[in-house]
Amino acid sequence: MTKEFRRSFFPQTTDADWDDWRWQIKNRICDLKSLEKIFSLSNDERDALLNNAGQLAFAITPYYASLMDRFDPNDPLRITHIPVTAEMESCAGEEIDPLGEDCSMATPGLVHKYPDRALFLATNICAGYCRYCNRARMVSHKEQAVPQSNWDKALEYLRKHNEIRDVLISGGDPLMLGDEKIDWLLGKLREIKHIEFIRIGTKIPITLPQRITNDLALILKKYHPLWISVHVVHPSELTSEATAALGRLADAGLPIGSQTVLLKGVNDTPEIMKKLMHKLLINRVTPYALFQMDQIKGASRFRTSIRTGLGIISSLQGHTTGYAVPKYIIDPPGGGGKVQLVPNSVVGREGDYILLRNYQEKIYRYYDPLSS
Ligand SMILES: *Cc1c(COP(=O)(O)O)cnc(C)c1O
């Protein structure tokens, strides 16, 4: 698929260029004109791009564009990246900062919401912009680098707060930073003795797998234990290129977990979700989180009911490998943090017995006297 796409739209491009992440970035599709050369757009997509007054810029790497259907506006990957006019609408309950992150900013770009862990927003730039981004308010604008002074203030805060044992580096996408910057930041974090757990949240192995070079893997490897949370939403994202990129990370000893946003029209069926989770396991990625869509402004077209999410979890739990079942998480507005949603398995009590529902919906009794 990718080969044919290249022949049609980037005929002069050499293998070396295509496989070079900086070439992919330089040749990102960022406007209507270049998008129209490749895709046959719906009127609505065209209108949205013409009036792109939204908060979030538009960008797709040539590689990721090659995975999309050029003729079908409902293609699951396409709807995650190509804007439509519904993005300009705002629905009940939707907000610009639904997670209340701005209220928990300890320093610019450092969110300290949970006592023992902090979220380090290292950059505002991504390889491509997901239309359901919950940080649309702060990413993509002019793609300016985060000033070093923000990093310095965040590091100073982390040094002072020895209750923080876990730092999640996110953004934007931290792996959009150059090797030297990543090396520098991880080095500084590792100098802080009370930080025992570091993870990087990224979609780069999926949208720009060329970025996961052997050199990058060698840098990351120096800072173990370092974990990766990869953002993946659909089985068709797990191409041979993505598999190779995830393999380089896994071979460097990095435990990889997944984060998936539950998205209408993309992955909101048990069949697609199961296929995705199975493919992740095959790629040595442990399914970690399935996120209920945040109440982010302009993204209501992606939102499913919570019943749908619980149904998907029920369709996995007990029906397939336990490792293939992610936690279903919702982060309700108000800044209170994440809440796990679980299908009810404790269905009642009969005297000293608790009644449990199994994956086949059959009821089993377990002796559990209240006096014990
Ligand atoms: C999600 C999140 C974390 C990490 O939470 P885990 O449950 O450990 O994955 C940390 N800080 C903030 C602000 C978050 O939103």
Side-chain angles (χ1 to χ4, degrees), residues 94-124 126 130 132-139 146 150-151 153-155 157-175 185-186 189 192 194-203 205 223 225-233 249 254-263 277 280 285-297 299 306 309 313 323 325-342:
E94 292 185 343
E95 296 173 37
I96 303 274
D97 176 20
L99 309 184
E101 289 184 331
D102 292 343
C103 306
S104 307
M105 287 277 180
T107 66
L110 189 79
V111 184
H112 189 192
K113 188 189 278 190
Y114 305 99
D116 74 331
R117 49 210 196 278
L119 169 64
F120 195 123
L121 302 174
T123 171
N124 297 330
C126 292
C130 308
Y132 51 87
C133 178
N134 67 10
R135 291 204 191 97
R137 70 189 186 285
M138 55 169 81
V139 303
V146 167
N150 281 18
W151 281 25
K153 282 180 206 142
L155 287 165
Y157 182 90
L158 290 170
R159 280 184 206 106
K160 281 202 208 116
H161 287 259
N162 57 14
E163 74 276 21
I164 298 174
R165 42 161 291 286
D166 170 351
V167 174
L168 161 52
I169 309 171
S170 182
D173 200 314
L175 297 185
L185 180 58
L186 289 170
L189 289 170
I192 306 173
H194 54 264
I195 298 176
E196 53 190 31
F197 187 80
I198 303 176
R199 63 187 136 161
I200 294 176
T202 180
K203 197 177 166 82
Y223 300 104
L226 177 65
W227 293 50
I228 301 285
S229 287
V230 64
H231 174 188
V232 44
V233 296
L249 294 171
L254 296 142
I256 313 171
S258 67
Q259 9 192 36
T260 300
V261 183
L262 178 56
L263 299 168
M277 296 301 134
L280 287 170
V285 178
T286 311
Y288 177 53
L290 174 65
F291 290 115
Q292 173 66 18
M293 265 283 300
D294 294 321
Q295 285 185 300
I296 185 77
K297 187 174 168 295
I306 287 170
I313 296 296
Y323 274 123
V325 188
K327 295 190 215 197
Y328 182 32
I329 306 277
I330 184 168
D331 207 335
K338 298 181 172 77
V339 176
Q340 185 175 357
L341 295 164
V342 248

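Indexing begins at 1, ligand by ligand and atom by atom, following the structure's order.
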Pairwise side-chain hydrogen bond (donor to acceptor under 3.5 Å, both in side chains) hits with a residue in residues 108-121, at least two apart: His112-Tyr157, Asp116-Arg165
Sidechain N-carboxylate O distance under 4.0 Å for Arg137, Asp102: yes
Could you list each N/O atom of ligand 1 together with any protein N/O atom closer than 3.5 Å, one pair per line with the distance?
unit_1   : atom_1 : unit_2 : atom_2 : d
ligand 1 : 8 (O)  : Arg117 : NE     : 2.9
ligand 1 : 8 (O)  : Arg199 : NH2    : 2.7
ligand 1 : 9 (O)  : Arg199 : NH1    : 2.9
ligand 1 : 9 (O)  : Arg199 : NH2    : 3.4
ligand 1 : 9 (O)  : Tyr288 : OH     : 2.8
ligand 1 : 15 (O) : Lys338 : NZ     : 2.8

All side-chain contact (heavy atoms from CB on, under 4.5 Å) counterparts of Tyr328, not counting sequence neighbours: Leu262, Leu290, Gln292, Ile306, Leu310, Ile313, Leu341
Contact summary for Lys297 and Glu94, nearest pair of heavy atoms: CA-OE1, 3.6 Å
Minimum-distance pair of heavy atoms, taken over all atoms of Pro205 and Leu249: CG-CD1, 4.0 Å
Set of residues satisfying side-chain contact (heavy atoms from CB on, under 4.5 Å) with respect to Pro333, sequence neighbours excluded: Glu95, Gln295
